[in-house]
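For reference, the structure discussed in these notes is given below.
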Amino acid sequence: MKCKRCRATAEVQIRHHHTAFCRPCFIVYFQRQVQRAIEKERMFAPQEEVLVAVSGGKDSLALWDVLGELGYRSAGVHLALGIGAYSQASTAKTEAFAQRRQLRLLTVKLEEEGMGVPTMAGFTNRPACAACGTAKRHYFDRVAIENGFPVLATGHNLDDEAARLLGNVLRWQVHYLAKQSPMLESTHARFVRKVKPLFRVSEYETAVYAFFRGIDYIVDECPNSVGATQLVYKEALNRLEAAMPGTKLSFVQEFLRVGRAAFSGTIDQPPSTCERCGMPAFGTICSFCSLVREVESKQARRAVTHRPSPPAA
Amino acid sequence: MHITLLPQHQQVDLPGRHRVSEILRHLGLLPGTAMVIRGDLLVTDQEFIEADEAIEIRNVISGG
């Protein structure tokens with residue numbers, strides 16, 4: 001198989017574009033896809049500094065790499081989630097990446113805040129992924145606002161967006177469908193603009209880019225992702241993709257082009273302000289503070305229950 | 001051939017010479033869901049892996 005651009009031996013085949021590339025040409029192709037996404041969706045301007053949410057996985061590190069290669073100024077925000085050895089390895093990969101490239105990295109250690117993911121999930125009986133997502137949404141915005149970043153970029157790729165869309169369609173989650181977009185403008189003074197520059201490239205392409213660029217990412221999966229619903233959606237979509245290459249791309253692109261507008265009347269009211277932390281909220285307190293309050297109250301109750309009895313006189 | 005599967009860290013031995021697409025099918029992997037790595041190069045689905053070679057197959061689908 002030959003590279004479509006230079007006729008050298010191809011190292012990677014992109015079925016949904018009926019094409020193949022050698023290593024240098026794939027890197028050019030990938031970076032152009034990301035550049036096109038940024039420009040077409042007007043994600044951010046060249047002079048804006050982008051805060052990149054980095055987990056240590058292939059997608060976020062590939063995103064941070066490609067933004068640098070395209071000449072954008074960026075810094076990273078990393079949440080150390082407190083999920084044992086997996087989180088330690090993720091943080092180590094992220095820090096090593098930032099150090100090698102001399103990039104600024106802002107790290108929030110949830111365990112030091114007393115709110116590691118296992119603690120939050122254990123005390124509230126919520127799924128670990130739900131607690132993790134709530135903490136991420138809270139801290140990413142907070143770190144961006146407190147450090148003056150106008151925009152937060154995440155490493156969501158085409159497969160993530162297609163899986164999310166499928167999940168929202170299967171349950172007709174009209175509010176989520178209205179908001180599903182590679183670019184979300186801020187709707188509150190303490191919400192920053194959110195962008196997904198990798199939404200046009202597949203998970204496979206992102207992994208290939210990370211491999212070709214020599215990015216040392218964490219290959220292991222989060223132990224909490226076993227049996228995740230998103231994996232079921234991804235498998236269904238990958239079966240369709242194998243039979244009909246291009247299905248995932250057209251599913252997402254055509255939704256954005258013609259589908260999403262049908263749900264625009266269902267967008268929620270803009271958020272109010274959390275009376276506990278000042279971050280955006282859809283009630284009197286935000287979902288993160290609600291989670292923290294529940295954890296703290298159950299911790300206090302447990303401390304009382306397990307308090308040792310005073311020694312007998 | 002000797003196959004290392006990631007992220008499962010499993011080792012699999014498969015006798016004979018096979019096309020990459022056949023190996024993926026044998027392992028129950030869909031096209032476009034795993035990178036096949038020989039040495040420090042990726043190999044496409046049409047290429048053959050010889051019986052005495054070692055490859056790494058790295059799943060790229062993430063659930064989080």
Side-chain angles (χ1 to χ4, degrees), chain A residues 1 9-16 20-23 26 55 57-59 81 83 86 128-129 132-133 136 155 157 159-160 163 202-208 210-212 214 217-235 237-243 245 248, chain B:
Chain A
M1 188 173 284
T9 302
E11 234 183 297
V12 56
Q13 184 181 5
I14 310 297
R15 290 170 181 276
H16 60 269
F21 294 112
C22 67
R23 188 173 295 210
F26 175 82
S55 65
K58 65 185 187 310
D59 304 301
L81 301 167
I83 309 172
Y86 171 76
C129 298
C132 182
K136 280 179 177 172
N157 56 49
D159 293 56
D160 296 323
S202 69
E203 196 146 19
Y204 177 74
E205 290 169 283
T206 309
V208 169
F211 178 76
F212 283 172
Y217 63 88
I218 183 158
V219 175
D220 292 334
E221 274 286 282
C222 174
N224 293 322
S225 74
V226 177
T229 312
Q230 199 191 30
L231 286 173
V232 179
Y233 295 148
K234 284 186 174 181
E235 176 159 8
L237 287 160
N238 282 325
R239 287 197 182 279
L240 291 169
E241 185 75 20
K248 286 185 285 195
Chain B
M1 71 185 67
H2 185 74
I3 303 168
T4 302
L5 284 169
L6 290 177
Q8 304 92 323
H9 299 278
Q10 277 178 3
Q11 309 294 323
V12 178
D13 286 307
L14 185 64
R17 173 183 193 257
H18 295 279
R19 204 183 276 271
V20 167
S21 55
E22 292 167 3
I23 300 168
L24 293 176
R25 205 173 310 126
H26 175 79
L27 295 169
L29 294 166
L30 291 164
T33 64
M35 291 190 289
V36 181
I37 304 164
R38 179 169 52 193
D40 57 0
L41 296 174
L42 286 190
V43 283
T44 58
D45 289 3
Q46 288 73 27
E47 288 182 59
F48 281 91
I49 307 296
E50 302 299 330
D52 61 352
E53 287 185 308
I55 55 171
E56 175 185 314
I57 298 184
R58 196 183 295 182
N59 193 321
V60 301
I61 305 302
S62 138

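Letters go in sequence order (proteins before strands), and every chain restarts at 1. The basis for the numbers below is simple: all heavy atoms, side chains too, and nothing from hydrogens, waters or symmetry mates.
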- Message: Heavy-atom pairs under 4.5 Å with chain A - which of B:Val36, B:Val43, B:Asp45, B:Leu6 has more of them than the others?
- Response: B:Asp45
- Task: Please name the residue in the list B:His9, B:Arg58, B:Gln10, B:Gln11 that meets the side chain to side chain donor-acceptor pair (under 3.5 Å) test with B:Thr4.
- Result: B:Gln11
- Note on the structure: Looking only at A:Ile14, A:Val208, A:Thr9, A:Val12, the option with the highest number of non-hydrogen pairs under 4.5 Å against chain B is A:Val208
- Measure distances from A:Tyr217 to the heavy atoms of chain B and classify the residue's part below 4.5 Å as side chain, backbone, both or neither. side chain
- Spacing of CD belonging to B:Gln46 relative to CZ belonging to B:Arg19, to within rounding of 0.5 Å: 7.0 Å
- Task: Can you see which heavy atom on B:Asn59 is nearest to which on B:Pro7, and at what distance?
- Result: CB-CD, 3.7 Å
- Message: Let me confirm one number: the CD1-CG distance from B:Ile37 to B:Leu42, rounded to the nearest 0.5 Å.
- Response: 6.0 Å
- Note on the structure: Whatever's closer than 4.5 Å to a heavy atom in chain A on B:Asp40 counts as backbone
- Message: Is A:Tyr233 close to chain B through its backbone or its side chain, or both, or neither, when contacts mean heavy atoms under 4.5 Å?
- Response: neither
- Message: Please classify the contact of B:Glu47 with chain A as side chain, backbone, both or neither, using a heavy-atom distance under 4.5 Å.
- Response: side chain
- Query: For A:Tyr204, what residues pass the ring pair (Phe, Tyr, Trp, His ring centres under 6.0 Å) criterion, not counting sequence neighbours?
  - Reply: none
- Message: Less than 4.5 Å to any heavy atom of chain A: does that hold for the side chain of B:Ile61, its backbone, both, or neither?
- Response: both
- Taking only Lys NZ, Arg NE, NH1 and NH2, and the carboxylate oxygens of Asp or Glu, determine whether B:Arg17 and B:Glu53 approach each other closer than 4.0 Å. no
- Message: Counting only non-hydrogen atoms closer than 4.5 Å, does A:Arg23 touch chain B with its backbone (N, CA, C, O), its side chain (CB onward), both, or neither?
- Response: side chain
- Residue part contacting chain B, namely of A:Asp159, when any heavy atom lies under 4.5 Å: side chain
- Query: Would you find a donor on one side and an acceptor on the other, under 3.5 Å apart, between the side chain of A:Ser202 and the backbone of A:Glu205?
  - Reply: yes
